[in-house]
Amino acid sequence: MADAPGEDVALVLLRALPTDVAGLILGRLSGEVAERLRKRLTTGSPAPATGNELDVALAQFFDLQRIADRSASTGEYRPVAPAPSATPEAPTNPVDGLRTLPPDRLARALEGEQVGTIALILSCLDPTAAGQVMKRMPLDSRAEIAMRMTKLGARNQVLLQQLARAVTEKGRRLGDVPPEPSQEEVITNLADMLRALPRAERFPVIRKIESADAELAGKVLEKLSRIEDLLKIPDRQLQGLLAKLDVKTIAIALKTVNPTIRGKVTSNMSSRSRTVLDEESELLGDVVSSRVQEAQAKVLALIRKGEEDGEIVMEE
């Protein structure tokens, strides 16, 4: 590294910076040089620079900066004085700034960053805070981040301060930007919107989605049906639906529903079936939410099937 060409030194430093900071630097370079560096950054998966390599690269960078600061006319060294500030602020440690960011904000600020950068940033946090950020990282990158954290070596404090400052500023800018909704939230929101339409107007939309993405349409249909739809099924049709379900499934499905829904169901059962249902509910005791959701999914699947077959016509 001591005799490495300038572009090799630049690559070491660019790979260690947050993606947005590296992009800003590349944007200040000439087109040919920037394009060449971008190509080298995006091709292959080079091993991360060691702490010693980063130290050497930074030393070369600051040597060049000192040379650039020399007066062309006198050849004397003239350090650049900081611009005077009308309201000087007390110096702050950028690493402390990292620790003030909530875990979800910090995780968003680290999106798109290289694994080495993420590992270095997480190593500055206490284990609990780092764990909260880690669980917000993509599943397929967590193991690599953890492995990289065990091989960081001696920290380069100059680089660490620069990274911490850039990530902290990015995280603070994200404070006013709402997070992007997850795929699950998008599907739920779409289902909520379709439920506002009359039932007859929902299915043309679903069929259009299905023609483009059958899997997505299936997920929307699942979210479109709710257990409270039982209240909209006419009594005779509900009795036919209940006849296709075993009492245990009904008992589990009704565990978390409000009394109105439970009353609608039990009023369409025979007195003997109601007695069995009450006994089954008592024997079940507390039921985990996953089992309740599974039982309700069976009920809702039968409702959708009944609608498709014309056996169930919901009341608006």
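All of these numbers come straight from a predicted model, not from anything done at the bench. Values below: all heavy atoms of this structure, side chains included; hydrogens, waters and symmetry mates excluded.
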| query | Yes or no on side chain to side chain contact (heavy atoms under 4.5 Å, CB included) for L302 and K298, after CA distance, side-chain angles and deciding distance? | reply | CA-CA 6 Å; L302 280 177; K298 290 180 181 178; over 6 Å; no
Working to the nearest 0.5 angstrom, can you tell me the gap between [X] [atom1] and [Y] [atom2]?
| X | Y | atom1 | atom2 | value |
| --- | --- | --- | --- | --- |
| E280 | K248 | CD | NZ | 6.0 Å |
| R105 | T100 | CZ | OG1 | 9.0 Å |
| Q239 | S270 | CD | OG | 10.0 Å |
| Q157 | L160 | CD | CG | 5.5 Å |
| I312 | I233 | CD1 | CD1 | 4.5 Å |
| L216 | L221 | CG | CG | 10.0 Å |

Is there a donor-acceptor pair under 3.5 Å between the side chain of [X] and the backbone N or O of [Y]?
| X | Y | result |
| --- | --- | --- |
| N258 | I261 | yes |
| S225 | E222 | no |
| R173 | A109 | no |
| R108 | D104 | no |
| T188 | E185 | no |

In terms of side-chain geometry, is the basic nitrogen of [X] or [Y] positioned less than 4.0 Å from the acidic oxygen of its partner?
| X | Y | result |
| --- | --- | --- |
| K264 | D235 | yes |
| K219 | E184 | no |
| R304 | E308 | no |
| R226 | D192 | yes |
| E144 | R148 | yes |

Report yes if the side chains of [X] and [Y] come closer than 4.5 Å at any heavy-atom pair, otherwise no.
| X | Y | result |
| --- | --- | --- |
| E113 | I121 | no |
| L300 | I303 | yes |
| R172 | T168 | yes |
| K244 | K305 | no |
| L230 | V257 | no |
| L110 | L106 | yes |
| I145 | R142 | no |
| L277 | L254 | yes |

With hydrophobic residues grouped by side-chain heavy-atom distances under 4.5 Å, do [X] and [Y] end up in a single group?
| X | Y | value |
| --- | --- | --- |
| I227 | V247 | yes |
| V186 | M193 | no |
| V276 | V287 | no |
| F203 | V313 | no |
| L197 | V220 | yes |

Restricting to non-hydrogen atoms, name the atom on [X] and the atom on [Y] that form the minimum distance, rounded to 0.1 Å.
| X | Y | answer |
| --- | --- | --- |
| R195 | R202 | O-NH2, 3.1 Å |
| T249 | L245 | CG2-CD2, 4.2 Å |
| G285 | K255 | O-NZ, 2.8 Å |
| L98 | A164 | CD1-CB, 3.7 Å |
| I252 | A295 | CG2-CB, 3.7 Å |
| N268 | L242 | O-CD1, 3.9 Å |

| message | More than 12 heavy atoms of other residues, nucleotides or ligands under 6.0 Å from CE of M147: yes or no? | response |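 For M147, atom CE is not crowded (no more than 12 foreign heavy atoms under 6.0 Å).
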| Residues R262, D278; criterion salt bridge (charged side-chain N to carboxylate O under 4.0 Å, His left out); working and verdict | CA-CA 11 Å; R262 185 180 182 86; D278 291 340; 3.6 Å; yes
| task | Check step by step if side chain to side chain contact (heavy atoms under 4.5 Å, CB included) holds for L190 and I187. | result | CA-CA 5 Å; L190 178 56; I187 292 171; 5.7 Å; no
| field | Derivation and outcome, salt bridge (charged side-chain N to carboxylate O under 4.0 Å, His left out), residues K39 and E35 | value | CA-CA 6 Å; K39 186 174 181 180; E35 183 61 29; over 6 Å; no
